[in-house]
Amino acid sequence: MGLLDTELAELRQCVPRVIADSTVEACVPAMVRIRIEKTKYKQMVACFQFSPDYPESRALIELKSRHISHKLLDGLTKLCEDEADKYIGKPQVLQVLRFVRTFIDENPLCCCSEEISNIKKRLIACSDELKLRQKTSSVMLKVNQGLYYIKYNLTVPEDYPDKQIGIEEKECNYPPLFRRWFLAQAIEIARRCVEPPAKKKPKDPPFVLKPSMEPVVSFLIDEGHKYLDTECKVCGKKAFPDDPKNIESNESAEMHLERVYCGHIYHNKCLDTYIKTPPFQGGKNCHTCGLKIYHDKWKLTPETVEARWAHKQAKQRELDEVVDFLS
Ligand SMILES: [Zn+2]
Ligand SMILES: [Zn+2]
């Protein structure tokens with residue numbers, strides 16, 4: 001029996017025992033094919049072929065996976081070849097399988113490698129940072145704009161993408177109202193990736209589960225770059241002060257920033273004046289996008305606002321008459 005036959009006989013025996021979650025799909029001189037499936041998405045198939053002078057030459061290695069990006073598979077294949085090179089003249093397959101299995105364990109983010117690579121392409125153009133933390137299966141995202149920043153920790157669960165990513169704000173120097181919006185909306189975006197809508201509309205296409213990392217990161221990057229140069233369209237002034245230290249934190253102050261339902265920004269006083277003065281016909285629309293303005297602080301109907309305004313005007317006229325009379 002040749003060296004290869006001996007190695008193959010050993011592999012059939014010991015692979016399922018030594019390599020966790022593995023299945024031997026083929027184990028003949030023409031081809032060895034082993035599947036390693038830690039979870040549905042952390043799975044890989046390692047194929048080996050042998051030239052006539054094996055093990056004096058390196059086995060031909062090919063890795064396949066439905067959920068791991070080609071780029072990562074190419075890189076990993078090269079590392080496997082380096083590993084096999086260490087065992088020239090000896091059995092190589094089991095050593096390479098061990099190496100692959102350890103890689104899957106130590107790199108839990110491999111199941112979102114495609115998404116991470118897309119995100120990194122986007123980040124080249126700006127000063128944002130994405131740090132991978134394989135040990136905790138998480139990524140740290142920091143979005144910078146001027147002196148403002150949003151720093152989030154995003155955790156990839158074991159059964160990702162069936163389950164959505166975990167989302168946690170680490171640091172953020174935007175006003176509280178914006179911080180609440182960033183977090184709530186990020187969680188909502190992730191939820192929609194894995195849960196079908198509660199009320200399905202007849203024309204909606206069937207629900208398809210989506211990985212949630214990239215949509216959430218894209219949202220945070222967009223938000224983090226959106227506000228600094230926007231102006232309050234009522235007064236034409238820049239809404240955000242250059243230095244976050246100068247943000248107005250008193251909610252009833254004139255310069256307190258308000259974010260209306262459509263996402264556009266107004267000063268508290270500017271919005272208040274706009275809502276409470278005529279014309280009232282048809283309600284109030286956003287200066288930037290034309291959508292109807294909704295805001296928790298101004299819940300009155302246009303009719304009530306108009307009635308109040310008329311009442312105030314009448315009062316003022318009475319007062320003016322008195323002033324006239326006395327002077
Ligand atoms: Zn304003
Ligand atoms: Zn708007």
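Indexing begins at 1, ligand by ligand and atom by atom, following the structure's order. Side chains included, hydrogens not; waters and symmetry mates left out as well; all remaining heavy atoms used. Everything numeric here is computed off the predicted structure, so don't read it as measured data.
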Query raised in the report: Are any non-hydrogen side-chain atoms of Val143 and Tyr149 less than 4.5 angstrom apart?
Result: no
Report task. Find the distance between SG (Cys289) and NE2 (His264) and round it off to the nearest 0.5 Å. Result -> 5.0 Å
Query raised in the report: Between Glu168 and Lys170, is there a side-chain N and carboxylate O pair less than 4.0 Å apart?
Result: yes
Requested in this report: To the nearest 10 degrees, calculate the angle at the Zn ion (ligand 1) involving SG of Cys232 and SG of Cys270.
Outcome: 110°
Query raised in the report: Looking at Phe178 versus Phe240, is the centre-to-centre ring distance below 6.0 Å?
Result: yes
Report summary line: Count of protein N, O or S atoms below 2.8 Å from the Zn ion (ligand 2) equals 4
Query raised in the report: Is the distance between the ring centroids of Tyr160 and Tyr41 under 6.0 Å?
Result: no
Query raised in the report: What atom name does the N, O or S atom of His267 nearest to the Zn ion (ligand 1) carry?
Result: ND1
Query - Test item: side-chain donor near acceptor, Asp272 and His267, under 3.5 Å - result: no
Query raised in the report: Honestly, is Lys284 close enough over Tyr274, meaning NZ or CZ under 6.0 Å from the six-membered ring centre and within 45° of the axis?
Result: yes
